[in-house]
There are 2 protein chains.
Amino acid sequence: MAIPRAAKTQRRTRIQEEKEEQILEAALDVFSVSGFRGSTIDQIAEVAGMSKPNLLYYFRTKEAMHRSLIDRVLFTWLEPLRAFDALGNPENEIRSYIRRKLEMARDFPRESRLFANEVLQGAPHIEDELKGPLKELVDEKAEVIRVWAKAGKIAKCDPYHLIFSIWSTTQHYADFDVQVRAVLGQGQSGEGRFEDAARFLEQLFIDGLRVRAVEPAS
Amino acid sequence: MAIPRAAKTQRRTRIQEEKEEQILEAALDVFSVSGFRGSTIDQIAEVAGMSKPNLLYYFRTKEAMHRSLIDRVLFTWLEPLRAFDALGNPENEIRSYIRRKLEMARDFPRESRLFANEVLQGAPHIEDELKGPLKELVDEKAEVIRVWAKAGKIAKCDPYHLIFSIWSTTQHYADFDVQVRAVLGQGQSGEGRFEDAARFLEQLFIDGLRVRAVEPAS
DNA sequence: TGTAATGTTTACCAGTCGGTCAAATTATCC
DNA sequence: GGATAATTTGACCGACTGGTAAACATTACA
């Protein structure tokens, strides 16, 4: 009859898969620009090309759409950090991490902005994820870096702030894209800026973390 | 009689000054958290402790309030970059710039988030400022850095991306404060993280930009 | 092919949004 | 103290908000 709201059945219809995909795609468009509060279901419906009640047939509330989107994107988003390998060569690992994060900023800017908006506005919907899975993953990788530093493979440094600085510098090119373009001017607005950024950041972090041959006596 | 909307008289009343101050203070609170679209006049009115029509007596529209806030804050915000001195010692200048930006992130996080929200959402209200005054200032300082690099005082690097990286790493501690706290955990949530960040970033940038004693032959 | 489940839409609701208006209150200045 | 200008407020407006109800259309499947 009428009542069953999408997910009541055990198996998901082809239509359900397609439409939910379509909706989340549109939701990503809208939420990533305006944040949760600033976005409206009508906007998302229009981008998705369907009526508002139809959206609400697949996701009962605006919050459910947002939640669903966050869940789906978060895992992928942490992939580069997860790939950080304790057994690899430190310089290579750091270089790879920077490159991967930068590629994600280039290829998935909406995902980056979705999180940026959320965190910027106090992370009201993802506090648990930050304090749980995210913190655990960072703790684990920070320990790896700490060991590297202790073994003299890279310079002594605070591993947490190292991770923060890689996050911020790379995501900057997605989150603050408008500003970057404005400052670089029309000429540099192709994808070349990502190449330049990669070159600069790799140099900065590799040289910045290289162990000084001779420490000045203190 | 009724009509005169605040600024019609030549001289501004004491009350006008006070109330406008009070309103902008509240507006900063609200806009910096929710962005323009996500904020409501009612919220601002409540924080400011006055009625909505009273707010609209001083600022005709929500947009006018936002505009006014941006204008007032932008100048201050660029102060550290403006202080960047072409005649100073490169290492000292960079170190000072990092420290000043970090202090601003610590002392004026709302201002940082106000801009972050705005830029993140496509900078619909400050596009002109970005392409005009901001770009000009950055161009000027980038030239300074370029000359330093050419003279061998710091490593060869793209000055624009250097500036971007200093912006992003420092402002990260204001804009993504919730995330930083979540990852560092309760223990590190005092102001100590700014000290640690300063130490790390100064090391990273100074060592990362120091001219290599011997360049490997290429 | 029939029919039950699934999918879609129109019309609508109560609450909120930005903003106006006129009346009431307060400050200012002679 | 009174006239005049400045300030403040409650009541209100039309547009928009998230969300619902029920009728209608389509699909899957026996």
Side-chain angles (χ1 to χ4, degrees), chain A residues 1-27 29-31 33-69 121 124-125, chain B residues 1-27 29-31 33-69 121 124-125:
Chain A
M1 273 296 183
I3 317 162
R5 210 134 201 174
K8 196 182 179 182
T9 41
Q10 302 298 7
R11 211 161 341 168
R12 299 183 25 173
T13 322
R14 171 186 53 85
I15 295 187
Q16 274 174 35
E17 304 248 13
E18 285 177 12
K19 293 284 161 141
E20 285 178 12
E21 181 64 30
Q22 200 176 333
I23 291 169
L24 289 180
E25 172 69 20
D29 258 21
V30 176
F31 281 136
V33 168
S34 305
F36 183 77
R37 282 224 54 195
S39 304
T40 72
I41 301 184
D42 295 85
Q43 285 173 31
I44 299 172
E46 198 189 331
V47 174
M50 51 179 97
S51 67
K52 177 167 65 168
N54 202 4
L55 274 194
L56 291 164
Y57 173 72
Y58 292 100
F59 296 91
R60 267 198 289 272
T61 63
K62 183 180 159 186
E63 189 117 12
M65 283 180 36
H66 192 254
R67 169 92 268 150
S68 204
L69 198 53
Q121 310 194 353
H125 306 92
Chain B
M1 273 292 182
I3 319 160
R5 209 131 201 177
K8 197 183 179 182
T9 41
Q10 302 300 5
R11 211 165 335 169
R12 298 179 32 166
T13 322
R14 171 185 52 86
I15 295 186
Q16 275 173 35
E17 304 247 12
E18 285 177 11
K19 293 283 161 143
E20 285 178 12
E21 181 64 30
Q22 199 176 332
I23 292 169
L24 289 180
E25 172 69 18
D29 258 19
V30 177
F31 281 136
V33 169
S34 305
F36 184 77
R37 283 223 55 193
S39 304
T40 72
I41 302 184
D42 295 84
Q43 283 173 31
I44 300 172
E46 198 190 332
V47 174
M50 53 180 95
S51 67
K52 178 166 65 167
N54 201 6
L55 272 193
L56 291 163
Y57 173 72
Y58 292 101
F59 296 91
R60 268 198 288 272
T61 64
K62 182 179 160 186
E63 189 118 11
M65 282 180 36
H66 191 253
R67 168 91 271 146
S68 204
L69 197 52
Q121 310 194 352
H125 305 92

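Just so we're on the same page: letters track the sequence lines, and every chain starts at 1.
Taking atom CD of residue A:Q16 and atom C1' of nucleotide C:dG7, one finds them 9 Å apart after rounding to whole Å. Straight-line distance from the CD1 atom of B:I44 to the P atom of C:dG18: 8 Å, rounded to whole Å. The distance from atom CZ of A:F59 to atom C1' of C:dG7 is 15 Å, rounded to the nearest whole Å. With rounding to whole Å, A:L55 atom CG is found 14 Å from C:dG7 atom P. The distance from atom CD of B:E46 to atom P of C:dG18 is 14 Å, rounded to the nearest whole Å. Between B:M50 atom CE and D:dG10 atom P the separation is 14 Å, expressed in whole Å. Taking atom CD of B:E20 as the reference point, atom P of D:dA6 lies 14 Å away to the nearest angstrom. Rounded to an integer number of Å, the gap from CD of A:E18 to P of D:dA28 is 10 Å.
Here the closest non-hydrogen pair linking A:I44 and A:L55 is CG2-CD1, 3.9 Å. Across all non-hydrogen atoms, the minimal contact from B:L24 to B:M65 is CD2-O, 3.9 Å.
Taking OH of A:Y57 as the start and CD of A:E20 as the end, the distance is 10.0 Å to the nearest 0.5 Å. A:R37 CZ to A:K62 NZ: the interatomic distance, rounded to the nearest 0.5 Å, is 7.5 Å. Atoms CZ and NE2, from B:F36 and B:H125 in turn, are 4.0 Å apart once rounded to the nearest 0.5 Å.
Distances shorter than 4.0 Å separate none of the side-chain N or O atoms of B:K19 from OP1 or OP2 on D:dA6. Note on B:S51: every side-chain N or O is 4.0 Å or more away from OP1 and OP2 of D:dT8.
Ring orientation note: the planes of B:F31 and B:H66 are nearly perpendicular, at an angle over 60° on the 30°/60° scale.
Among A:D42, A:I23, A:D29, the one residue that satisfies the side-chain contact (heavy atoms from CB on, under 4.5 Å) test with A:V47 is A:D29.
Considering only the side chain of A:Y57, C:dT8 comes nearest among C:dT8, D:dA6, D:dG10. When distances are taken from the side chain of A:N54 to each of C:dT8, D:dG10, D:dT20, the shortest belongs to C:dT8.
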Nucleotide N/O of nucleotides 16-18 of chain D paired with protein N/O under 3.5 Å:
unit_1 : atom_1 : unit_2 : atom_2 : d
D:dG18 : OP1    : A:S39  : O      : 3.2
D:dG18 : OP1    : A:K62  : NZ     : 3.1
D:dG18 : OP2    : A:I41  : N      : 2.9
D:dG18 : N7     : A:K52  : NZ     : 3.0

